[in-house]
K.L.:
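Encoded as structure tokens, here's the structure I'll be asking about.
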Amino acid sequence: KAGVTQTPRYLIKTRGQQVTLSCSPISGHRSVSWYQQTPGQGLQFLFEYFSETQRNKGNFPGRFSGRQFSNSRSEMNVSTLELGDSALYLCASSSLPGGTYEQYFGPGTRLTVT
Amino acid sequence: QQPVQSPQAVILREGEDAVINCSSSKALYSVHWYRQKHGEAPVFLMILLKGGEQKGHEKISASFNEKKQQSSLYLTASQLSYSGTYFCGTAPPGESGYALNFGKGTSLLVTP
């Protein structure tokens with residue numbers, strides 16, 4: 001079974017631009033969660049989608065948004081990029097919502113904002 | 001609410017034991033444990049659910065004290081491959097259980 005894939009793996013953007021990251025979950029998984037990882041802060045929860053519905057959102061500004069498609073693939077978008085948005089963005093999939101089931105993480109997208 | 005992990009870092013010699021703790025200020029439905037090696041994605045180790053159910057790898061053991069909202073991960077007879085950063089993730093009960101909040105991590109280094 002193929003694992004979670006994320007594209008692109010690396011991105012360099014300029015302050016003020018916007019970016020879209022993509023995540024394809026493990027086949028059959030319907031839940032996708034997004035996390036921001038920065039040194040010293042660990043993994044910070046962004047949002048989770050299940051069956052195309054956002055179930056919960058972390059404490060991030062409205063510049064961070066996402067969506068999930070009918071095939072469970074998910075995208076997250078960050079508008080008006082700031083230097084502080086530089087981070088590793090991880091998505092994780094699980095068969096059902098993340099509180100009860102193990103999550104499988106993708107390799108991440110490394111975003112650098114200059 | 002981000003759970004608090006302790007210690008922040010630990011260095012072990014191969015064969016020694018370690019305990020990593022995770023504490024939450026809110027009621028919990030489940031506690032998850034993951035390990036991340038440098039440059040790699042976090043990998044699932046174990047889930048502990050309210051009520052006592054556990055799911056995870058046979059060689060990993062952990063406890064979940066629901067009343068104290070605490071969990072501990074026990075690493076016994078450590079091997080070099082145990083090195084990495086360990087994260088606990090907590091999910092509260094109810095609808096908000098969809099959100100998994102992770103601690104800042106515990107860095108573990110096992111030396112020969």
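So you know, we letter chains A, B, ... as the sequences are listed, proteins then strands, and number each from 1.
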K.L.:
Looking at Q44(A) and N101(B), would you say the former's side chain and the latter's main chain have a donor-acceptor pair under 3.5 Å?
P.N.:
no
K.L.:
Are Y74(B) and Y82(B) connected in the hydrophobic side-chain network, where two residues link if heavy atoms are under 4.5 Å apart?
P.N.:
no
K.L.:
Grab the two heavy atoms, one from A41(B) and one from G106(A), that are nearest each other, plus how far apart they are.
P.N.:
CB-O, 3.1 Å
K.L.:
Atom OH of Y101(A) and atom CG of L49(B): how far apart are they, to the nearest 0.5 Å?
P.N.:
9.0 Å
K.L.:
Is the closest side-chain heavy-atom distance between E102(A) and H32(B) below 4.5 Å?
P.N.:
no
K.L.:
What part of Q8(B) lies closer than 4.5 angstrom to a heavy atom of chain A: side chain, backbone, both or neither?
P.N.:
neither
K.L.:
Check whether more than 12 heavy atoms from other residues, nucleotides or ligands sit under 6.0 Å from atom CG of L80(B), and answer yes or no.
P.N.:
yes
K.L.:
For a 4.5 angstrom cut-off between non-hydrogen side-chain atoms, does F105(A) reach V43(B)?
P.N.:
no
K.L.:
Decide whether L81(A) and L83(A) are clustered together by the hydrophobic rule: side chain heavy atoms of Ile, Leu, Val, Met, Phe, Trp, Tyr closer than 4.5 Å, transitively.
P.N.:
yes
K.L.:
Would F47(A) end up clustered with V4(A) when hydrophobic side chains under 4.5 Å apart are linked, directly or stepwise?
P.N.:
no
K.L.:
Say whether Q36(B) and Q37(A), considering side chains only, have a donor N or O and an acceptor N or O under 3.5 Å apart.
P.N.:
yes
K.L.:
Under 4.5 Å between side-chain heavy atoms, counting indirect links through other Ile/Leu/Val/Met/Phe/Trp/Tyr residues: same cluster for L88(A) and F87(B) or not?
P.N.:
yes
K.L.:
According to a 4.5 Å side-chain heavy-atom criterion applied to Ile, Leu, Val, Met, Phe, Trp and Tyr, with indirect links allowed, do V78(A) and V113(A) form part of one hydrophobic cluster?
P.N.:
yes
K.L.:
What part of L90(A) gets within 4.5 angstrom of chain B, counting heavy atoms only: side chain, backbone, both, or neither?
P.N.:
side chain
K.L.:
Go through the steps for Y104(A) and F44(B) under the test ring-ring contact (aromatic ring centres under 6.0 Å, His included), then give the verdict.
P.N.:
CA-CA 7 Å; Y104(A) 295 86; F44(B) 168 76; 7.1 Å; no
K.L.:
Could you tell me whether K37(B) atom NZ has more than 12 heavy atoms of other residues or ligands within 6.0 Å of it?
P.N.:
yes
K.L.:
Are side-chain heavy atoms of L100(B) and Y35(A) found at a separation under 4.5 Å?
P.N.:
yes
